[in-house]
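The figures that follow rest on heavy atoms only: side chains count, while hydrogens, waters and symmetry mates do not. Per chain, numbering begins at 1; letters A, B, ... match sequence-line order.
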Amino acid sequence: MNPHNDTQHDDAEFEAFLRGEGKLAEALRELPQPAPSSALNDAILAQAEAALRQQPPANDGAIADAGPRPAPHFLRRARVPLAIAASFALALSLTMQWLGQPSPEQQAINEAVTPAADTPLPAMAPPPPMPPAPSVTQQAKAPRQRLRAPASPAARPQASSEAEQASGLSVQAPTEDKPYLAMPAPAPIAAPPVPAPAPIAGPVAARAAPSMVAPVAAPIAAPAPAPAAKIAAPEANEAADEQARQQIILIEELLKADLPRDALEQWKEFRKAHPRYPVPEPLATRMKVLEQQ
Amino acid sequence: MSADLSDELLMMRYREGDWLAFRELYSRHSRGLYLFISWRSPRREWVDEIAQDSWTSLHQARARYEPQSSFRTYLFQIARNRLIDLLRHQGQTVLASDLGHDAADGAVFDHLADASHETATPESALDHKQQSTRLHQAIKALPEEQREALVLQQFNGMSLEEIAQLTGVPLETVKSRLRYAMRKLRQQLEAPVMEGERA
């Protein structure tokens, strides 16, 4: 028998072995195999059932059979921090406007009420922390300047057409919330409605998560006053840094969960969005290794 | 109803919170996964823990499951990664036992072998037990990669493509590992039985 025949014979045996034929494959089939104990089975099933009860099914269960669903966007985790940052930025800008730029209406009222020009402004008209909750009708009539300066009955009738257009948005907001509130079990993360992210949050949110914030923020952001625009640049940087940080956390979690492919995918997105953001050395090294694999 | 569905569809349902879908997946794959972990783990006492961790990890990672790859490969990948992590953390302490001399593992196998031949005549039962023991030892003595490929192909019934995907090596490498494993086992089976083994 020559070597060629040996190889052919070996190949044939190997193919048969792969099909489960032959003495060896048969012996392997008869080998007793370990199996999980019933106690282990019970423990795993009980654990899984408890975990499922704790985490209710996703709202998109109805479309589960329609096909694969793309992985949830990484900004889903950043929704709450972004909303908080937007709220804070709004409050900051409004406060600065109140303190630094009294509106013409307010100046006119101040002059009318107190003839003495040298009286300190805060003593005359201290701005209330928040205007009283207006009715829908009041909201519709209230000009946008209401947020900058405390509303006065004298000033309200002078609302411009532009202001009324803007106020239309604030009337719509609650109606948009209605179906949301009517949902039987809203997801906890999605629950906090983004509180009119306002001028400063506009650019950041529009870039980061257009579907979440932009529709509300964009119309209001357009006529943003000058001071807000000055604040926008550093706020945008902060938000970008926060987004980068969240992405790094997500990548690390994916690695911990033994999902290197997902981590690599996120890593590529992260690097595309933040090419110069500093990354911890161990993470960078690990991702480099993953990229090479 | 669940029994008619594919693993991937069941996993999609489980992802949405369907408890029955999980039960069906568990009944289909718990034995296979346990078997894989048992052959792959150097320590008998790790097996239950890794099996439990694997199913827990599956639950935690279920939202990220994409049905492009087979569910079984996904599940086994989780278990395999968990095992690799354990080996990495405790690598030095398991090297000796990884050679197939884990006393606890041997005792468990003896018990299984005895149980599987209880109904045969004493002589044939003894022969079967000896052959099973030799085969078991021969498998345990295989290099880790060969043993893994053998277990996945022969015991778990995975295709070569699935094994290549799971282990992250080319198809030809899987074939080569299986070929070497087959040769070594065949040699072990064909070798004459030593007197000491009969005693």
- Taking C-beta and beyond as the side chain, do B/W39 and A/Q33 meet within less than 4.5 Å on heavy atoms? yes
- Item | Check: B/L150 and A/F17 side chains under 4.5 Å, non-hydrogen atoms | yes
- Message: Suppose a student defines contact as a heavy atom less than 4.5 Å from any heavy atom of chain B. Which residues in residues 281-289 of chain A would they list?
- Response: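 Those residues of residues 281-289 of chain A which would need a heavy atom under 4.5 Å from chain B do not exist here.
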Counting only heavy atoms closer than 4.5 Å, note whether [X] contacts chain B via side chain, backbone, both or neither.
X	value
A/L254	side chain
A/L28	both
A/E49	both
A/D258	both
A/A27	both

- Looking only at atom types and distance, does a side-chain atom of B/Q153 sit under 3.5 Å from a main-chain N or O of A/L18, one as donor and one as acceptor? yes
- Looking only at atom types and distance, does a side-chain atom of A/E30 sit under 3.5 Å from a main-chain N or O of B/S132, one as donor and one as acceptor? no
- Message: Test of understanding: with salt bridge (Lys or Arg N to Asp or Glu O under 4.0 Å), list the residues that count as partners of A/R276, not counting sequence neighbours.
- Response: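 Residues passing salt bridge (Lys or Arg N to Asp or Glu O under 4.0 Å) with A/R276: none at all.
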- Taking atom CZ of B/R23 as the centre, report whether more than 12 heavy atoms of other residues, nucleotides or ligands fall under 6.0 Å from it.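 No, CZ of B/R23 has 12 or fewer neighbouring heavy atoms, counting only those of other groups under 6.0 Å.
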- Query: Does B/K175 NZ have over 12 foreign heavy atoms under 6.0 Å away?
  - Reply: no
- Message: With a strict 4.5 Å heavy-atom criterion, list every residue of residues 155-174 of chain B that contacts chain A, or say none.
- Response: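 The list, in residue order, reads B/F155, B/L160, B/Q165.
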- Message: Tell me every residue that passes ring pair (Phe, Tyr, Trp, His ring centres under 6.0 Å) with B/F22, counting only those two or more places apart in sequence or in another chain.
- Response: B/Y14, B/W19, B/W55
- Query: If you look at every heavy atom in B/Q52 and A/L40, which pair is closest and at what distance?
  - Reply: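 Looking at all heavy atoms of both residues, the shortest contact is OE1-CD1, 3.9 Å.
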- Report the C-alpha separation of B/R179 and A/D11 in whole Å, then their side-chain angles, then the decisive distance to 0.1 Å, and conclude whether the side chain to side chain contact (heavy atoms under 4.5 Å, CB included) test is met. CA-CA 9 Å; B/R179 192 185 288 270; A/D11 283 346; 2.9 Å; yes
- Message: The test is side chain to side chain contact (heavy atoms under 4.5 Å, CB included); show your working for B/N81 and A/L259 and say whether it passes.
- Response: CA-CA 9 Å; B/N81 289 343; A/L259 294 164; over 6 Å; no
- Query: About how many Å separate NE2 of B/H59 and CD of A/Q54, when rounded to the nearest 0.5 Å?
  - Reply: 7.5 Å
